[in-house]
Amino acid sequence: HAAAIKIRAANRHPHFPQYNYQQTEYRETIRENVEEGYPILQLRATDLDSTANANIRYRFIGESAAVARTAFEIDPRSGLITTRGIVDREANERYTLLVEASDQGREPGPRSATVSVHITVLDENDNVPQFSQKRYVVAVREDVRPHSEILRVSASDQDKDGNAAVHYNIISGNSRGQFAIDSVTGEIQVVAPLDYETEREYMLRLRAQDNGRPPLSNNTGIVSVQVTDVNDNPPIFVSTPFQATVLESAPIGHSILHIQAIDTDNGDNARLEYRLTGTGTDTPFVINAATGWVTVSSELDRESVEHYFFGVEARDYGAPPLSATASVTITVMDVNDNRPEFLQKEYYVRLNEDAAVGTSVVSITAVDRDVNSAVTYQITGGNTRNRFCRGCMLEEK
């Protein structure tokens, strides 16, 4: 005989009262991660033509059957729907199950009825926020203005609603308080001056934490702030003023003085070139622009110029360049390179023949342009019978 089948359901959730009613679809909610075998819904089909229902069988059918079987199973005899394994909301939040109840009638054949069961999986805070990058790297000029945004980090949470709301904070690497992060947007700002010469890189460790109860956090966020150099330091001379001495006989190319300056910037901002200032075409010195060595460029003559005074400039290659100046004094030291010279080439003297012995005949003078050059005299010729002597004193007998 033909039989009409109706399906009713009993809620098997511990916190709902049991209920029996007849309808075309059912809606249930469960929390994700409930244990395997957790009872969700009890379906019961009634054969209106027979009081014996023992032969009614239940199964999932339709296009959703394969998906349904991955997460749920239905007892073919009792109609109890339970979880088959761990249910993960992040994998699938909503399931629509189509359940068939069929009797085992033979005449004229089995009869069946279907019902839709909609199951919504509720979120549990089971996912830790994940940063969009394992490591953030940002280059920042050392002259960046305070409260400038340098980077925006982000972390996502696969959970839902408050369980997915992420806030941020810096947990290490900011001991000087030069950076701040917006807890909601992840925007990182520079809030205190940076100085490349003091600190060239900062390693900030970040925490991303959700609003779940209890909250889950990720402390692995890394931000590398690499400070880039700005030409903000002028060259500094090692010692000033510069003073040196050189023998007037020094050959051309002879090194006299090493001018040295340092620049605490980096790269071209620290690369220096040197030049002499306050010199003329007759200045007998040049400087190597790269090394700072001052050398002799033409012959020296102490007797012409003994002291040279000029300046030196050290300039970096920054844009714009910065420079420093210093004074240089070079003293030319004497070499015995000048012969004594008589004030007169010839001396004419008249002397009486009866001049007494010891009579001063003539005073001869010679000068030497060198320093500390004592001149001595001697008669080299024409002194027949040694009648004359130089600077001699005769004793009376």
Side-chain angles (χ1 to χ4, degrees), residues 137-148 150 173-179 189-204 224-248 250-298 300 305-333:
V137 179
V138 59
V140 181
R141 287 170 55 98
E142 64 175 322
D143 62 350
V144 63
R145 297 178 63 180
H147 304 290
S148 297
I150 60 171
N174 193 28
S175 58
R176 298 181 182 177
Q178 290 170 300
F179 305 94
Q189 290 187 350
V190 174
V191 294
L194 303 179
D195 184 11
Y196 173 86
E197 290 70 39
T198 301
E199 193 79 32
R200 299 188 178 188
E201 183 179 18
Y202 297 85
M203 297 295 292
L204 306 179
S224 170
V225 181
Q226 298 176 355
V227 182
T228 59
D229 186 44
V230 172
N231 193 26
D232 58 348
N233 291 281
I236 300 174
F237 286 104
V238 174
S239 62
T240 57
F242 293 98
Q243 297 178 334
T245 59
V246 59
L247 290 175
E248 62 177 325
I252 293 175
H254 176 74
S255 297
I256 305 170
L257 176 65
H258 192 196
I259 302 293
Q260 286 182 292
I262 58 173
D263 193 313
T264 54
D265 290 317
N266 190 47
D268 281 348
N269 294 335
R271 187 162 64 96
L272 302 178
E273 68 173 1
Y274 301 91
R275 72 182 186 94
L276 300 182
T277 62
T279 58
T281 56
D282 57 345
T283 302
F285 308 108
V286 292
I287 189 169
N288 185 300
T291 65
W293 273 104
V294 177
T295 57
V296 177
S297 61
S298 60
L300 302 176
V305 181
E306 184 177 4
H307 300 285
Y308 291 89
F309 305 95
F310 50 89
V312 62
E313 178 187 71
R315 179 186 296 265
D316 63 33
Y317 280 80
L322 299 178
S323 63
T325 59
S327 63
V328 179
T329 301
I330 295 179
T331 300
V332 181
M333 304 296 290

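Closest approach of Val305 and His307 over heavy atoms only: CG1-O, 3.4 Å. Considering all non-hydrogen atoms of both residues, Leu247 and Val332 come closest at C-CG1, 4.5 Å. Contact record, Thr240 with Ala326: CG2-CB, 3.5 Å, taken as the closest heavy-atom pair. Here the shortest heavy-atom pairing between Arg176 and Tyr202 reads NH1-OH, 4.4 Å. Listed here is the closest heavy atom pair of Ala314 and Pro235: O-CG, 3.6 Å. Closest approach of Arg145 and Ser148 over heavy atoms only: O-OG, 2.6 Å.
Taking 4.5 Å as the limit, every side-chain heavy atom of Phe285 sits out of range of all side-chain heavy atoms of Leu257. When side chains are defined from C-beta on, Tyr317 does not count as touching Asn231, because their heavy atoms never get closer than 4.5 Å. Residues Val227 and Val140 have side chains not in contact (no heavy-atom distance under 4.5 Å, counting atoms from C-beta outward). Two residues are said to be in side-chain contact when any heavy atoms from C-beta on lie closer than 4.5 Å; Asn266 and Arg200 meet this criterion. Contact of the Gln178 side chain with the Glu199 side chain is not registered, since no non-hydrogen atoms from C-beta on lie closer than 4.5 Å. The shortest side-chain heavy-atom distance between His254 and Ile256 falls under the 4.5 Å cut-off. Counting heavy atoms from C-beta outward, Tyr196 and Thr264 have side chains that stay 4.5 Å or more apart. Here the side chains of Val294 and Val328 are not in contact, with every heavy-atom distance at 4.5 Å or above.
The aromatic rings of Phe237 and Tyr274 sit tilted, their planes meeting at an angle between 30° and 60°.
A donor-acceptor contact under 3.5 angstrom links the side chains of Asp265 and Asn233, judged on distance only.
The distance from atom CG of Leu272 to atom CD1 of Ile259, rounded to the nearest 0.5 Å, is 12.5 Å. Taken to the nearest 0.5 Å, the OG atom of Ser323 stands 11.0 Å off from the CG atom of Asp263. How far CD of Glu273 is from OG1 of Thr291: 12.5 Å, rounded to the nearest 0.5 Å. One distance of note links CZ of Arg141 with CG of Leu194; it measures 12.0 Å at 0.5 Å rounding.
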Check the pair Val191 / His147 against side chain to side chain contact (heavy atoms under 4.5 Å, CB included), numbers first and verdict last.
CA-CA 5 Å; Val191 294; His147 304 290; 3.9 Å; yes
Report the C-alpha distance between Leu300 and Val246 in whole Å, list the side-chain angles of each, state the deciding distance to 0.1 Å, and finish with yes or no for side chain to side chain contact (heavy atoms under 4.5 Å, CB included).
CA-CA 9 Å; Leu300 302 176; Val246 59; 3.7 Å; yes
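When each of Thr198, Val190, Asp229, Thr228 is checked for a side chain to side chain contact (heavy atoms under 4.5 Å, CB included) with Glu142, only Asp229 meets the rule.
Environment of CE in Met203: crowded, with over 12 heavy atoms of neighbouring residues, nucleotides or ligands closer than 6.0 Å.
With Asp316 contributing its side chain and Leu322 its backbone, the two residues share a donor-acceptor pair below 3.5 Å.
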